[in-house]
Structures are given as structure tokens and as C-alpha cells.
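Contents: one structure, followed by commentary.
Since the structure is predicted, the reported quantities are computational estimates derived from the model, not experimental observations.
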Amino acid sequence: MNIDELKSVARAIVAKQKGILAADESNPTIKKRFDSIKLESTEENRRRYRELLFTTDGIERYISGVILFDETLRQSSRDGTPFAKLLAGRGIIPGIKVDKGAKTLALYPADKVTEGLDGLRGRLAEYKQLGAKFAKWRAVIQIDEHDVPAAYALRANAHALARYAALCQEADIVPIVEPEVLMDGIHGIDRCEAVTSQMLGNLFTELNAHRVVFEGILLKPNMVIAGMKCTTQASVQQIAEGSIRCLSRYVPAAVPGIVFLSGGQSPEDATNHLNAMNAMGPHPWELSFSYGRALQAPVLAAWEGRENNITAAQRAFFKRCRLNSLAREGKYNRGMEAD
Ligand code: 13P
């Protein structure tokens, strides 16, 4: 394990004004996204779409890293340049999703555990060869009534995340550790804070037990937020304060950065919430973004799969990158959406 390399990659990913584009949708997930614009999810359409994102002019000012899916890491741009090389050439660090998805936890029908540890050491060695310098593993925690999630499901997911993180660090790949408490459901913000706290508590205990070096990881959590179907939605300030309170209690200062997922928030809300948290700073860790939908939803809507719309789609992407970069510094306001 090369600790200096791990630390320097982790710090570069959360460099000031920069964040991550999560473009690692698995094939079933990207199919859902393409369905929304009535585009067939063929390998070539997926390649064209990722090329549109990765070749957008000027995004390297705001985007430090891109998370890729296995298929995308093996694809190339129209002119034959492998995507990992294209990104690295622009100063953007390529990363790779390595988990194999969340499956029902045996004997806990309402809970999930993420799979993908078997053979991971070998896959990480290959991904490193292909140019990946960081990785992602996502645990999925669903909140429901009647003791869901079960305490044991949180422990099982924390254990898997820690085993993944240790394997990454052994291979000199920075692990992004993602325990996502879903915002689906009717629960209020307090329940989200309680479950997020419990999950983070378990997670850092397991990471420590697995000898994971905190300076060489990034945490990708949900924000503390009410369920999408909750009748009482929290204010921007409540979300920012709840998230910071929870993270301050459970995330060691040695962790260089926290890169939030957007989780189904609108692009504007995700930017606004990140901005409010940074405006409350300074914090012990960099607070940045690793957004999928919140960066891409307007891009897909503008593109619709058409060559003629590529310029408009890239403009939409650049705008979201720029606004989230401002939110990294607490300098965003909603009025900027009209620019
Ligand atoms: P969203 O920002 O769309 O939640 O995606 C981020 C991600 O990578 C989830 O694993």
C-alpha cells in the first residue's frame, strides 16, 4: 500500500472548486434514464452519451474525477481514444464502480446487502491497468416502518464496505465509501438523521477494524433529508444543519473529503443544499459533490439522443458543473439558475 499516493489522489479529487461526475450507471439503470428520453439503450448509444459528457469543453475546471461503469472503462471516443486516457489527458481522474449491486439480505426480506467481494482483488488489479485510480462501492439502506432497516443490515453493509475499502487500498486505489440511506419513503428528516448516524457509526468502526487509512478514502453519503413522500419537507437550513451535525459526530477529521450523492433531489436542490453546507464552514473535511442525476438530468433532457442537440446538452452539463463548483465555496444562489 502506497499511502502517499492514496492521500494525494484523494486530495486531488476534492481539490477546491472541484467535484465528481458519477457516470457509472449500470446497464439496467442507464436503460431507465434512456427510457425517459425514449432512446434505446444500445452499447453505441451508451458510448455516444458518455462521449458527449467527457468531451464537454471546460469541465476540467470543475470536475476532478469521473466514476465509470465496467463497460465504459473499456470503451473509446469516436477517434479511438480510450475514455480513461481521454479523461486523464484533460486532468480528470478516472474511477470505477466495482460493486455488483444490492441484493436482498438473506432472512431479512426488507433489507439489502451489496455484493461483489468475490474476486474483487483480481478485478481491482485489472482496473488499475486500465487506468482507474479510485473506485466506488454503494450500500443501499431503505427506511421503512417496522424496524427497517434492521440493525444487522447496517452492520452487514458496513462490513462489506470496509472489506472493499481495504482491498482498494491494498491495490493503491482510493475507495469511495458510499453508504446511501435512500430518500424514498414517507419518513421525516429526524428518522433519516438517526439511521444515517447509526450507519456511519457502524461504518467507521468497521473501517478502523479493517485497518483502512482514513486519509486515503472519500466518504459518499446521503444528505440528511426527509423522505420524498413525507408530508413535512425540511428547509434548506434544516437539511444543511442536520447533515453537518450528523457528519461532525461520526466522520473523523482525517477523512479528506465528503462527496455527496444527489439521491433523487432536483439538480437545483442538490446544488443549493451543498452551497448551504459550505456556507456554514470551515469544516474539517472538504464538502463536495459526486452527483449522478443532479448533473445529468438536464443533459439527457436537452440531448434526447440527437446529434443536433449535442451542443445544447453540453451547455446544460457545463452549467451544472459550474454551479456546483460555486456551491463548493458557498457562492451559489438560485438567481444564477437563470444565467
Ligand atoms: P445520484 O447523484 O443520482 O444519487 O448518483 C450518485 C451515485 O453514484 C449513486 O451511487
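- Asn202 contributes a side-chain N or O that, together with a main-chain N or O of Gln198, makes up a donor-acceptor pair within less than 3.5 Å.
- If you check the side chains of Arg46 and Ser41, you find a donor sitting under 3.5 Å from an acceptor.
- Linking ILVMFWY residues whenever their side-chain heavy atoms come closer than 4.5 Å, directly or via other members, places Ile217 and Leu120 in the same cluster.
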Side chain to side chain contact (heavy atoms under 4.5 Å, CB included) evaluation trace for Ile30 with Tyr49:
CA-CA 10 Å; Ile30 197 74; Tyr49 176 56; 4.3 Å; yes

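- Looking at Thr72 and Arg47, their side chains never bring a donor and an acceptor atom within 3.5 Å of each other.
- In summary, the side chains of Asp99 and Thr114 do not present any donor paired with an acceptor at a separation below 3.5 Å, with no hydrogens or angles considered.
- When atom types are taken as modelled, the side chain of Ser243 and the backbone of Val224 share a donor-acceptor pair closer than 3.5 angstrom.
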I'd like to know whether Gln17 forms a side chain to side chain contact (heavy atoms under 4.5 Å, CB included) with Arg61, so could you lay out the CA-CA distance, the side-chain angles of the two residues, the decisive distance to 0.1 Å, and finally the verdict.
CA-CA 8 Å; Gln17 294 160 26; Arg61 271 183 271 162; over 6 Å; no

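- With hydrogens and angles disregarded, a donor-acceptor distance shorter than 3.5 Å links the side chain of Gln233 to the backbone of Gly227.
- Under the 4.5 Å side-chain heavy-atom criterion for Ile, Leu, Val, Met, Phe, Trp and Tyr, Ile13 and Leu261 are members of distinct hydrophobic clusters.
- The pair Arg334-Asp269 counts as a salt bridge, with a side-chain nitrogen and a carboxylate oxygen less than 4.0 angstrom apart.
- Distance check: Asn157 CG to Trp137 CH2 gives 9.0 Å after rounding to the nearest 0.5 Å.
- With contacts defined as side-chain heavy-atom distances shorter than 4.5 Å, the pair Ser76/Phe83 does not qualify.
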For Glu178 and Lys136, run salt bridge (Lys or Arg N to Asp or Glu O under 4.0 Å): C-alpha distance rounded to whole Å, both residues' side-chain angles, the deciding distance at 0.1 Å, then the answer.
CA-CA 7 Å; Glu178 180 177 5; Lys136 180 191 108 172; 3.5 Å; yes

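- Side-chain N or O atoms of Arg90 include one that pairs as donor or acceptor with a backbone N or O of Phe54 at under 3.5 Å.
- Nearest heavy-atom pair, Ala12 versus Ser64, reported as atom, atom and distance to 0.1 Å: O-CB, 3.6 Å.
- Between Asp184 and Met228, the closest side-chain pair of non-hydrogen atoms falls below 4.5 Å.
- Salt-bridge check for Arg48 with Glu307: passed, with a basic side-chain N closer than 4.0 Å to an acidic carboxylate O.
- For His283, there are no ring pair (Phe, Tyr, Trp, His ring centres under 6.0 Å) partners two or more places apart in sequence or in a different chain.
- Under a cut-off of 6.0 angstrom, the local environment of CZ in Arg191 is crowded, with over 12 non-hydrogen atoms contributed by other residues, nucleotides or ligands.
- The OG1 atom of Thr196 sits 10.5 Å away from atom OH of Tyr250, with the distance rounded to the nearest 0.5 Å.
- Using a 4.5 Å heavy-atom cutoff, the side chains of Met223 and Met277 are in contact.
- A salt bridge is absent between Glu115 and Lys100; no separation between the charged side-chain nitrogens and carboxylate oxygens falls under 4.0 Å.
- Following chains of ILVMFWY side-chain contacts shorter than 4.5 Å, one can reach Val255 starting from Leu161, so the two form part of one hydrophobic cluster.
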For a ring pair (Phe, Tyr, Trp, His ring centres under 6.0 Å) check, start with the C-alpha distance between Phe204 and Phe214, then their side-chain angles and the critical distance, and finish with the verdict.
CA-CA 9 Å; Phe204 282 94; Phe214 293 161; 5.5 Å; yes

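- Between Asn275 and Arg328, the side chains place no donor N or O within less than 3.5 Å of an acceptor N or O (distance only, hydrogens not considered).
- What you find for Ala10 and Pro256 is that their closest heavy atoms are CB-CG, 3.9 Å.
- In this structure, Thr271 and Ala327 approach most closely via the heavy-atom pair O-CB, 3.5 Å.
- Here the straight-line distance linking atom OH of Tyr164 with atom CG of Leu207 works out to 10.5 Å at 0.5 Å rounding.
- Contact record, Ser77 with Leu86: CB-CD1, 3.7 Å, taken as the closest heavy-atom pair.
- Between the side chain of Ser235 and the backbone N or O of Gln238 there is at least one donor-acceptor pair closer than 3.5 Å.
- Side-chain contact between Gln169 and Val212: present, with at least one pair of heavy atoms (C-beta onward) separated by less than 4.5 Å.
- Asp79 CG: more than 12 foreign heavy atoms inside a 6.0 Å radius.
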Evaluation steps, side chain to side chain contact (heavy atoms under 4.5 Å, CB included), between Val259 and Glu286
CA-CA 8 Å; Val259 292; Glu286 292 294 328; over 6 Å; no

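- The six-membered or imidazole ring of Phe318 lies near that of Tyr62, with a centre-to-centre distance under 6.0 Å.
- No donor-acceptor distance shorter than 3.5 angstrom exists from the side chain of Tyr127 to the backbone of Ile96, with no hydrogens or angles considered.
- Remark: the backbone N or O of Leu182 is not paired with any side-chain donor or acceptor of Gln142 at under 3.5 angstrom.
- A donor-acceptor pair shorter than 3.5 Å cannot be found between the side chains of Asn278 and Tyr332.
- In this structure, Leu274 is a member of the same hydrophobic cluster as Leu247, with clusters built from ILVMFWY side-chain heavy atoms closer than 4.5 Å.
- The cluster map of Ile, Leu, Val, Met, Phe, Trp and Tyr, joined by side-chain heavy atoms under 4.5 Å apart, puts Leu323 and Val14 in different clusters.
- Judged purely by atom type and a 3.5 angstrom limit, Glu329 has no side-chain atom pairing as donor or acceptor with the backbone of Leu326.
- Lys103 is not listed as a side-chain neighbour of Lys112, based on a closest heavy-atom distance of 4.5 Å or more.
- Among all heavy-atom pairs drawn from Gly264 and Met183, the shortest one is C-SD, 4.1 Å.
- For the pair Leu154 and Pro179, the minimum side-chain heavy-atom distance is 4.5 Å or more.
- For the residue pair Gln296/Glu25, the side-chain donor-acceptor check at 3.5 Å is satisfied.
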Enumerate donor-acceptor pairs with a distance under 3.5 Å from any side-chain N or O in residues 32-40 to protein atoms, sequence neighbours excluded.
unit_1: Asp35; atom_1: OD1; unit_2: Lys31; atom_2: NZ; d: 3.4
unit_1: Asp35; atom_1: OD2; unit_2: Lys31; atom_2: NZ; d: 3.1
unit_1: Ser36; atom_1: OG; unit_2: Arg33; atom_2: O; d: 2.5

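- We find that Asp172 and Lys128 are not joined by a salt bridge, their nearest charged nitrogen and carboxylate oxygen being 4.0 Å or further apart.
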Take Leu287 and Ile244 through the side chain to side chain contact (heavy atoms under 4.5 Å, CB included) test and state the conclusion after the steps.
CA-CA 10 Å; Leu287 286 187; Ile244 296 297; 3.6 Å; yes

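- Remark: the backbone N or O of Gly95 is not paired with any side-chain donor or acceptor of Lys133 at under 3.5 angstrom.
- Summarising the geometry of Lys18 relative to Ser288, their closest heavy-atom pair is O-OG, 2.8 Å, with the distance given to 0.1 Å.
- A 4.5 Å side-chain heavy-atom check between Glu337 and Asn272 finds every atom pair outside the cut-off.
- You'll find the side chain of Ile20 reaches within 4.5 Å of the side chain of Ile67, heavy atoms only.
- In this structure, Glu170 CD and Ile173 CD1 are separated by 10.5 Å, a value rounded to the nearest 0.5 Å.
- A distance of 11.0 Å separates SG of Cys321 from CD of Gln314, quoted to the nearest 0.5 Å.
- Between the side chain of Asn2 and the main chain of Glu5, a donor-acceptor pair closer than 3.5 Å is present.
- Atom CG of Leu68 is separated from atom CZ of Arg74 by 11.5 Å, given to the nearest 0.5 angstrom.
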